[in-house]
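Below, read A as the first sequence line, B as the second, and so on, with proteins coming before strands; counting in each chain starts at 1.
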2 protein chains.
Amino acid sequence: MTSLAEENYLKAIYKLQEKHGDIVSTSALAEMLEINAASVTDFIKKMAVKKLISYQKSKGVRLSEQGRQIALSIIRKHRLWEVWLVNKLNFKWDEVHEIAEQLEHVVSNELIEQLDEHLGYPKTDPHGDLIPDAKGRFAKNSSKPLLDHKVGDKTKFVGVAEHSNSFLQYLTKTISSWAMNCWWNPLRNSITVSR
Amino acid sequence: MTSLAEENYLKAIYKLQEKHGDIVSTSALAEMLEINAASVTDFIKKMAVKKLISYQKSKGVRLSEQGRQIALSIIRKHRLWEVWLVNKLNFKWDEVHEIAEQLEHVVSNELIEQLDEHLGYPKTDPHGDLIPDAKGRFAKNSSKPLLDHKVGDKTKFVGVAEHSNSFLQYLTKTISSWAMNCWWNPLRNSITVSR
DNA sequence: ATATATATTTAGGCTCACCTAAAATAATAT
DNA sequence: ATATTATTTTAGGTGAGCCTAAATATATAT
């Protein structure tokens, strides 16, 4: 059984691997989890023993296949719960993250599969992020950055790359007359769009 | 903030007070929570300091008003989640308890109020137990024990007093041609009914 | 009333997941 | 290449929530 702490570490490592490449440093993890780096070192040693990650002293960590599958199952749950909160309970897209962070740790395969069905097997969450299936597979993402479009192009917003509540609220306000969802890369300071 | 352990203790004390009167013994609590009595003694001392319960050495515990309110909010959440699982996700009434035990600890007032609305403000859970409102108040229960009825009486099952999965399954099978819900008192070995 | 049985508490210990401070290692600047 | 800075690890410690074994308090039987 994987603990709450382990699940949070696995999710954080997954996200950091996605963003900054294959290997994740102790300090990056510590910052994301808001946990002291010394504590992180401690914990990842234990996770390595359990084969959830591979770890070489002073050289950062990487998810094992087992760790990746668990991380994906947490992400799947998180995103399905977000869809539920928005589509069924009328929450706004900037109000769901904190609640989903709690719900994602509830353990029951039947629950999550029933929820998936109840929601009509959504492919993406309210921010446009893809929802992995029960086996951890993603559908293909056909969306393109806004920058790849020209002025006058007709297109459809499907999601954002920046998830902070403040940005989501900003977007809701400034483009409330547009579609609700769009891709935005804060590094490039760009809002982007798909077909 | 109340911890997971505290919430479980409060819920257990509430249930034992309901069944066996005002004061709850260390051993009764220990048995219900499947925790060693020595650990329970330890823990209730801390809860007393926090004014969640009143406690006199060797004389058992009783919920404070604050403790009672928290217990009721957990019970409210538990029962609302059970309604959701049965009515929206098609679970059977004998499949929902374990999942609701996890969901009841999710913290968000907005969530629980939205859920209540989503479900149409149900008064009872799938087993017929009353759902307290946000302030911890119960609606009046007009149901009567089956024993109070005579052979030939026309009536409506609304709930069970015994919640074990095995009994629920038994009932589902044996009276699947009747209504689904009924009151049953295992101490008196009786199934009972309301109008 | 005393002996026996049962319930409760005390004392000491454990694991988990965190912490700080100091030491060791790695990266960067001169 | 060496000094400085930043990162990572080690060592020692903490609180929460549990444990067992032993001591004490309470209830029951004779």
Side-chain angles (χ1 to χ4, degrees), chain A residues 1-14 16-17 19-63 67 70-71 74 101-102 104-105 107, chain B residues 1-14 16-17 19-63 67 70-71 74 101-102 104-105 107:
Chain A
M1 204 65 280
T2 85
S3 72
L4 177 60
E6 280 167 352
E7 292 189 350
N8 285 332
Y9 273 80
L10 290 172
K11 195 173 48 143
I13 296 167
Y14 181 92
L16 290 167
Q17 273 190 217
K19 237 181 200 158
H20 308 301
D22 216 32
I23 271 172
V24 174
S25 71
T26 303
S27 52
L29 249 183
E31 192 193 345
M32 173 165 282
L33 293 167
E34 297 178 73
I35 287 171
N36 188 285
S39 310
V40 172
T41 300
D42 241 46
F43 203 86
I44 60 185
K45 281 196 279 188
K46 292 176 196 162
M47 289 176 80
V49 171
K50 291 192 185 177
K51 311 269 188 213
L52 295 169
I53 56 174
S54 65
Y55 164 58
Q56 287 192 57
K57 205 160 141 175
S58 291
K59 296 199 170 154
V61 299
R62 169 203 272 127
L63 291 177
I70 295 170
I74 306 298
E101 291 258 292
Q102 298 180 65
E104 72 190 6
H105 300 291
V107 177
Chain B
M1 205 64 282
T2 83
S3 72
L4 177 60
E6 279 167 351
E7 292 188 349
N8 285 332
Y9 273 80
L10 290 172
K11 197 175 45 145
I13 296 168
Y14 181 92
L16 289 168
Q17 273 190 217
K19 237 181 202 159
H20 307 299
D22 216 30
I23 270 173
V24 174
S25 71
T26 302
S27 52
L29 250 183
E31 192 192 346
M32 174 164 283
L33 293 167
E34 295 179 75
I35 287 171
N36 187 284
S39 310
V40 171
T41 299
D42 242 45
F43 203 86
I44 61 185
K45 282 196 278 186
K46 292 176 195 163
M47 289 176 81
V49 172
K50 292 192 185 178
K51 310 267 188 216
L52 295 170
I53 56 174
S54 66
Y55 165 58
Q56 289 192 57
K57 203 160 141 176
S58 291
K59 297 201 171 153
V61 299
R62 168 203 273 128
L63 291 178
I70 296 170
I74 306 298
E101 291 258 292
Q102 298 180 65
E104 71 190 7
H105 300 291
V107 176

CG-CD distance between A/Leu52 and A/Glu6, expressed to the nearest 0.5 angstrom: 5.5 Å
Nearest-Å distance for atom pair CE/P, residues B/Met47 and D/dA16: 14 Å
Nucleotide N/O to protein N/O under 3.5 Å, stretch nucleotides 13-17 of chain C:
unit_1 : atom_1 : unit_2 : atom_2 : d
C/dA17 : OP1    : A/Ser3 : OG     : 2.9

Atom-pair distance (CD on A/Glu34; C1' on C/dC19), nearest Å: 15 Å
Distance below 4.0 Å between A/Tyr55 side-chain N/O and D/dT9 OP1 or OP2: yes
Distance, nearest 0.5 Å, that separates CG of A/Asn8 from CD of A/Glu34: 11.5 Å
Bracket notation of DNA chain C in which parentheses pair within the strand, [ ] cross earlier pairs, and | pairs with another strand (Watson-Crick or G-U, under 3.5 Å): ||||||||||||||||||||||||||||||
Heavy-atom pair with the smallest gap, counting every atom of B/Ala12 and B/Leu29: CB-CD2, 3.7 Å
Sugar-phosphate only, base, or nothing, as touched by B/Ser27 at under 4.0 Å among non-hydrogen atoms: sugar-phosphate
Phosphate-side-chain proximity, A/Thr41 and D/dT9, N/O vs OP1/OP2 below 4.0 Å: yes
Least distance between heavy atoms, B/Tyr55 atom then B/Gly60 atom: CD1-O, 3.6 Å
Flag side-chain contact, heavy atom, 4.5 Å: B/Met32 against B/Lys11: no
Sugar-phosphate, base or nothing in reach of B/Ser58, heavy atoms under 4.0 Å: sugar-phosphate
Nucleotide C/dC18, atom P - distance to CG of A/Leu29 in whole Å: 12 Å
Polar side-chain atom of B/Glu7 near backbone of B/Ile74 as donor-acceptor pair, under 3.5 Å: no
Interatomic spacing from NZ in B/Lys57 to OG1 in B/Thr41 - rounded to 0.5 Å: 10.5 Å
Any A/Lys59 side-chain N or O less than 4.0 Å from OP1/OP2 of D/dT8: no
Where B/Val107 and A/Gln102 come nearest, the two heavy atoms and their spacing: N-OE1, 2.7 Å
Nucleotide C/dA7, atom C1' - distance to CD of B/Gln56 in whole Å: 17 Å
Atom pair CD1 (B/Ile35) and CG (B/Asp42), whose distance is rounded to the nearest 0.5 Å: 11.0 Å
For atom CD1 of A/Ile44 and atom C1' of D/dT7, their distance in whole Å: 12 Å
Phosphate contact (D/dT7 OP1 or OP2) by A/Thr26 side-chain N/O below 4.0 Å: no
Straight-line distance of B/Ser3 OG to B/Lys50 NZ, nearest 0.5 Å: 6.0 Å
For A/Tyr14 against A/Ala71, the heavy-atom pair lying closest together: CB-CB, 3.8 Å
Atom pair CG/CG of A/Leu16 and A/Leu33 - distance to nearest 0.5 Å: 8.0 Å
Dump the pairs, protein N or O against N or O of nucleotides 21-23 of chain D, anything under 3.5 Å, distances to one decimal.
none

Distance in angstrom units between B/Lys57 NZ and D/dA25 C1', rounded: 9 Å
